[in-house]
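Proteins get letters first, then strands, A, B, ... in listed order; numbering begins at 1 in each.
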There are 2 protein chains.
Amino acid sequence: MPVTDGRSRARRREQPDPAGVLERSGVGSRAERKELTRQKLVGVTLRLIADRSLASISLREVAREAGIVPTAFYRHFASMDELGVELVDESMRPLRQMIREARRGRVAHGDIIVDTVAVLAKHVRGHPDHFRFLVRERYGGIGAVRRSIATELRLFTSDLTVDLSRLTAGLDWSTDDLEMAAGLMISAMLGVVMDLLEAEERRPEDVETILERAEHQLRLIVLGMGGWRSKP
Amino acid sequence: MPVTDGRSRARRREQPDPAGVLERSGVGSRAERKELTRQKLVGVTLRLIADRSLASISLREVAREAGIVPTAFYRHFASMDELGVELVDESMRPLRQMIREARRGRVAHGDIIVDTVAVLAKHVRGHPDHFRFLVRERYGGIGAVRRSIATELRLFTSDLTVDLSRLTAGLDWSTDDLEMAAGLMISAMLGVVMDLLEAEERRPEDVETILERAEHQLRLIVLGMGGWRSKP
DNA sequence: TGTACATCAGTGAACGCGCGTTCACTGATGTAC
DNA sequence: TGTACATCAGTGAACGCGCGTTCACTGATGTAC
């Protein structure tokens with residue numbers, strides 16, 4: 001059991017480091033080290049979410065994985081719920097980064113839809129825990145987290161609505177209709193995200209099919225938009 | 001506190017009925033009474049799901065609400081996970097009933113889309129707990145339940161695919177494309193279901209807007225299908 | 001129909017465990033002079 | 001630069017609690033004769 005591997009985390013879990021000497025070997029100010037621990041709590045929780053819901057993860061478990069004593073958790077968050085809300089923020093970052101990149105690609109060249117789905121796939125692959133957290137807790141058991149995600153997704157829809165209004169500049173689309181179309185795209189893509197995550201880790205041969213289907217769904221929506229006539 | 005209201009359940013929670021005399025006052029066979037308790041366990045769990053996830057509900061809590069001792073739970077299910085899988089079955093029933101009714105309406109008359117959304121709204125209103133369970137646990141923390149829901153939704157998609165194949169009889173749609181469109185409709189409608197549930201219980205004035213948006217989304221998809229040309 | 005025995009849904013005591021939270025503390029880091 | 005004091009991230013013991021699960025049981029219901 002006491003194998004010497006280079007990773008201090010794994011070693012510390014077997015042979016605790018009560019005084020935190022390893023952590024405090026002169027790197028950074030106290031504030032910086034506090035921030036480091038905070039990030040560790042967030043990261044650890046995100047990893048634990050992989051096959052369970054936030055509601056079933058205990059404060060003690062998170063503290064244990066982060067290498068601190070349970071009571072030290074309270075130096076960073078008042079409760080797991082509060083950590084959860086922080087996680088929403090953390091997880092929206094890659095999503096926002098994604099739409100920024102998709103937007104850039106849009107101006108440049110080629111098939112908008114193929115590019116968009118490629119960017120989606122790339123970001124989901126790059127931040128699986130963040131995306132899984134969002135999809136899993138979107139309708140999950142913790143009210144504060146659910147509401148926080150709903151708010152962020154609403155902002156996200158607004159963003160996409162603005163983008164769509166540029167694409168439909170010539171046609172007489174109302175804001176409501178644009179939002180409706182944006183909402184449909186996001187519903188569709190959130191479904192794709194979870195399918196993608198499940199496929200990535202247990203049926204990699206399905207990934208291509210899922211991406212192709214995602215492209216087709218977006219194309220179908222765009223086609224529909226082409227034929228749309230606003231009604232009262 | 002010891003108020004006399006007519007409901008035996010509420011009374012029993014305050015003044016337990018250890019020997020189960022109330023339950024056993026000569027109604028039904030032993031097997032029938034067992035089935036009754038089983039249904040009570042299922043129903044109680046479905047109610048507890050309203051604002052929490054299945055993973056955070058304890059066996060003892062369910063037993064308590066159902067009016068039995070924790071150990072008696074095992075006469076019906078080996079674990080909460082097993083009860084969860086049973087709940088999927090139970091919850092799919094109103095959904096299947098819904099599609100059957102939507103299909104009937106389709107043959108009869110009027111605007112298919114308006115009718116479909118009306119049927120959806122009616123069933124969601126009639127079985128809020130069942131629908132909430134499905135949407136919440138679809139990507140929730142319990143693997144067995146998640147897989148069970150995925151399987152059922154796949155069957156559901158197949159059903160809808162068959163329906164769509166009738167509607168597109170003239171055009172040259174491949175099965176893959178039909179499935180893709182069916183999947184898109186289901187993604188969209190599952191999103192609507194949760195919005196609807198949240199609105200029903202805390203912003204009833206939004207319900208109309210949500211239903212209208214659902215109609216528009218379906219219409220957009222149908223429009224897209226009209227313009228679709230199959231590709232390899 | 002009556003009797004003797006089998007079945008089994010529900011009981012209740014008991015267990016060890018991990019939980020969230022309190023509290024007084026330690027000692028390295030930060031700050032004021 | 002050196003010293004005295006304040007701050008505060010992390011410690012560790014302790015608490016009461018609800019949990020899932022075991023076990024031997026009870027007594028009404030069901031069955032065989």
Is A:R132 reaching over with its side chain to a backbone N or O of A:I49, donor-acceptor style, under 3.5 angstrom?
no
Can you list everything that forms a salt bridge (Lys or Arg N to Asp or Glu O under 4.0 Å) with B:K34? Sequence neighbours excluded, please.
none
Which whole-number value in Å describes the distance from A:H76 NE2 to D:dA9 P?
7 Å
When the side chains of residues 140-157 of chain A are checked against the rest of the protein, which donor-acceptor pairs come out under 3.5 Å, sequence neighbours left out?
| unit_1 | atom_1 | unit_2 | atom_2 | d |
| --- | --- | --- | --- | --- |
| A:R146 | NH1 | A:G140 | O | 2.9 |
| A:T151 | OG1 | A:R147 | O | 3.0 |
| A:E152 | OE1 | A:R96 | NH1 | 3.0 |
| A:T157 | OG1 | A:L153 | O | 2.7 |

In whole angstrom, give the distance that lies between atom CZ of A:R75 and atom C1' of C:dT29.
14 Å
Let me have the donor-acceptor pairs involving side chains of residues 67-88 of chain A, under 3.5 Å, with sequence neighbours excluded, atom names and distances please.
| unit_1 | atom_1 | unit_2 | atom_2 | d |
| --- | --- | --- | --- | --- |
| A:S79 | OG | A:D81 | N | 3.4 |
| A:S79 | OG | A:E82 | N | 3.3 |
| A:E86 | OE1 | A:R38 | NH2 | 2.9 |
| A:E86 | OE2 | A:R38 | NH2 | 3.4 |

Distance below 4.0 Å between A:T37 side-chain N/O and D:dG10 OP1 or OP2:
yes
Expressed as a whole number of angstroms, how long is the span from B:R30:CZ to C:dA6:P?
14 Å
Whole Å only: how far is the CZ atom of A:R33 from the P atom of D:dG10?
9 Å
Sequence-aligned protein contact record of nucleotides 17-23 of chain D, with B where the base is within under 4.0 Å of a protein heavy atom and S where only the sugar-phosphate is
--BBBBB
Hits for ring-ring contact (aromatic ring centres under 6.0 Å, His included) against A:H130, two or more places apart or cross-chain, chain-then-number order -> A:H127
Taking atom P of D:dT11 as reference, at what distance in whole Å does atom CD1 of A:I68 sit?
7 Å
Hey, is A:R203 close enough to A:E198 for a salt bridge, meaning N to O under 4.0 Å?
no
Starting at CD of B:Q39 and ending at P of C:dA9, how long is that distance when rounded to a whole Å?
15 Å
Do A:D163 and A:R103 sit within salt-bridge range, that is, some charged N less than 4.0 Å from a carboxylate O?
yes
Candidate nucleotides D:dG10, C:dA9, C:dT11, ranked by approach to the side chain of B:K34 - the nearest:
C:dA9
Does the distance from a Lys or Arg side-chain N to an Asp or Glu carboxylate O, for B:E65 and B:K40, drop under 4.0 Å?
no
Dot-bracket for DNA chain D, 5' to 3', counting Watson-Crick or G-U wobble pairs under 3.5 Å, with [ ] for crossing pairs and | for inter-strand pairs?
.||||||||||||||||||||||||||||||||
